[in-house]
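Here is the structure we will look at.
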2 protein chains.
Amino acid sequence: MHSLDSVFHALSDPTRRAILARLVDGEATVDQITVPFTMSQPSISRHLKVLEQAGLISTRIDGTSRPRRIEPAAFTAIEDWLERYRTVWQANYARLDSVLDDLKQEDDPL
Amino acid sequence: MHSLDSVFHALSDPTRRAILARLVDGEATVDQITVPFTMSQPSISRHLKVLEQAGLISTRIDGTSRPRRIEPAAFTAIEDWLERYRTVWQANYARLDSVLDDLKQEDDPL
DNA sequence: TTGCTATATAGCAATATTAGAATGCAGTGG
DNA sequence: CCACTGCATTCTAATATTGCTATATAGCAA
């Protein structure tokens with residue numbers, strides 16, 4: 001379904017990230033989302049489609065309106081991916097520590 | 001600087017994510033990175049350039065070789081961005097709880 | 001039905017991305 | 001200096017993305 005490819009691609013656009021930021025405050029329809037943007041409604045619609053296909057948002061149909069909301073699962077997928085790299089920068093800090101230790105030994109040799 | 005635009009765009013390509021996964025094991029040169037891929041060295045070079053411009057990796061020059069390594073800062077930038085949405089899905093769970101509470105009250109009214 | 005509102009889709013032009021092949025270039029060893 | 005190695009850059013073609021305008025569709029209300 002929503003691959004990391006599509007998730008990251010969806011997030012690479014500032015308009016789409018702004019849409020997500022808007023949806024933090026709760027559901028919103030295309031028209032509501034469009035207001036603050038200097039962009040046409042059809043363009044916002046397509047951005048929403050990209051976000052939805054990435055699994056970052058979902059649509060609820062309510063009569064003629066289609067409120068969008070944030071879909072947490074995609075975000076946790078990113079977290080899971082990031083998790084692998086957390087060890088890397090923790091290892092980096094460890095390496096930094098040992099470098100500092102080495103410097104200390106140079107400054108203050110036995 | 002490395003914008004979220006460029007960071008997320010860099011991550012949207014599976015080859016580039018695979019390169020990052022490779023670099024978890026430590027520094028590697030273009031040739032070393034190229035080996036497992038069915039892709040030309042120039043293509044890998046350009047992927048590395050994209051990763052570097054996004055701030056996800058950095059290059060160290062050692063004679064004629066240029067070992068790349070993971071740069072943690074860009075990853076923490078993603079974490080910081082994600083942070084805002086953590087509240088959303090925690091809030092979501094909270095909302096789910098209250099819905100469940102409501103259902104409970106319906107099932108078992110005072 | 002008629003018309004209004006909310007939203008999606010199609011068509012088009014501009015721009016960006018990506019790949020391979022060919023080429024350039026800098027550093028190293030003889 | 002010359003050749004070789006490691007890597008980057010240029011060129012070109014294929015494909016994708018993005019924006020707009022215009023148009024279609026679907027629900028609702030009179």
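Naming convention: chains lettered A, B, ... in sequence-line order (proteins, then strands); numbering from 1 in each chain. A quick note: this is a predicted structure, and the numbers were derived from the prediction, not measured.
Comparing A:Arg46 and A:Ser65 along DNA chain C, the residue whose closest nucleotide (by nearest heavy atom) sits nearer the 5' end is A:Ser65. Residues B:Leu48 and A:Val50 each lie close to DNA chain D; by heavy-atom proximity, the contact nearer the 5' end of the strand is made by B:Leu48.
Panel note: side chain A:Thr76, backbone A:Glu79; no donor-acceptor pair is recorded below 3.5 Å. Without hydrogens or angle criteria, B:Gln32 side chain to B:Thr29 main chain gives a donor-acceptor distance under 3.5 Å.
Side-chain N/O atoms of B:Thr34 and B:Gln41 include no donor and acceptor closer than 3.5 Å.
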What's touching nucleotides 1-4 of chain D from the protein side, N or O pairs under 3.5 Å?
none

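Interface residues of residues 34-44 of chain B facing DNA chain D, ordered by number: B:Gln41, B:Pro42; criterion, heavy-atom separation under 4.0 Å. Of the residues in residues 54-61 of chain A, not one comes within less than 4.0 Å of DNA chain D through any heavy atom.
Evaluation of the salt bridge (Lys or Arg N to Asp or Glu O under 4.0 Å) test over residues 32-53 of chain A, restricted to residues two or more places apart or in two chains, returns none. Sorted by first and then second residue, the salt bridge (Lys or Arg N to Asp or Glu O under 4.0 Å) pairs involving residues 21-32 of chain A (not counting sequence neighbours) are A:Glu27-A:Arg60, A:Glu27-A:Arg69. Here ring-ring contact (aromatic ring centres under 6.0 Å, His included) pairs that include residues 36-57 of chain B, with residues two or more places apart or in two chains, number zero. Residue pairs meeting the ring-ring contact (aromatic ring centres under 6.0 Å, His included) criterion with at least one partner in residues 57-84 of chain A, sequence neighbours excluded, are A:Phe8-A:Trp81, A:Phe75-B:Tyr85, A:Phe75-B:Trp89, A:Trp81-A:Tyr85. Counting only residues at least two apart or in different chains, ring-ring contact (aromatic ring centres under 6.0 Å, His included) contacts with residues 54-74 of chain A are absent.
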Q) Taking protein heavy atoms under 4.0 Å as touching, what does nucleotides 24-30 of chain C look like 5' to 3' if B marks base contact, S marks sugar-phosphate-only contact and - marks none? A) ---SS--
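Residues forming a salt bridge (charged side-chain N to carboxylate O under 4.0 Å, His left out) with B:Arg16 (at least two apart in sequence, or on another chain): none. In this structure A:Ser65 satisfies the side chain to side chain donor-acceptor pair (under 3.5 Å) test with no other residue, sequence neighbours excluded. Legend: residues meeting side chain to side chain donor-acceptor pair (under 3.5 Å) with B:Arg66, ordered by chain and number and at least two apart, are absent.
The side chain of A:Asp13 lies closest to D:dT18 when the candidates are C:dT9, D:dT9, D:dT18.
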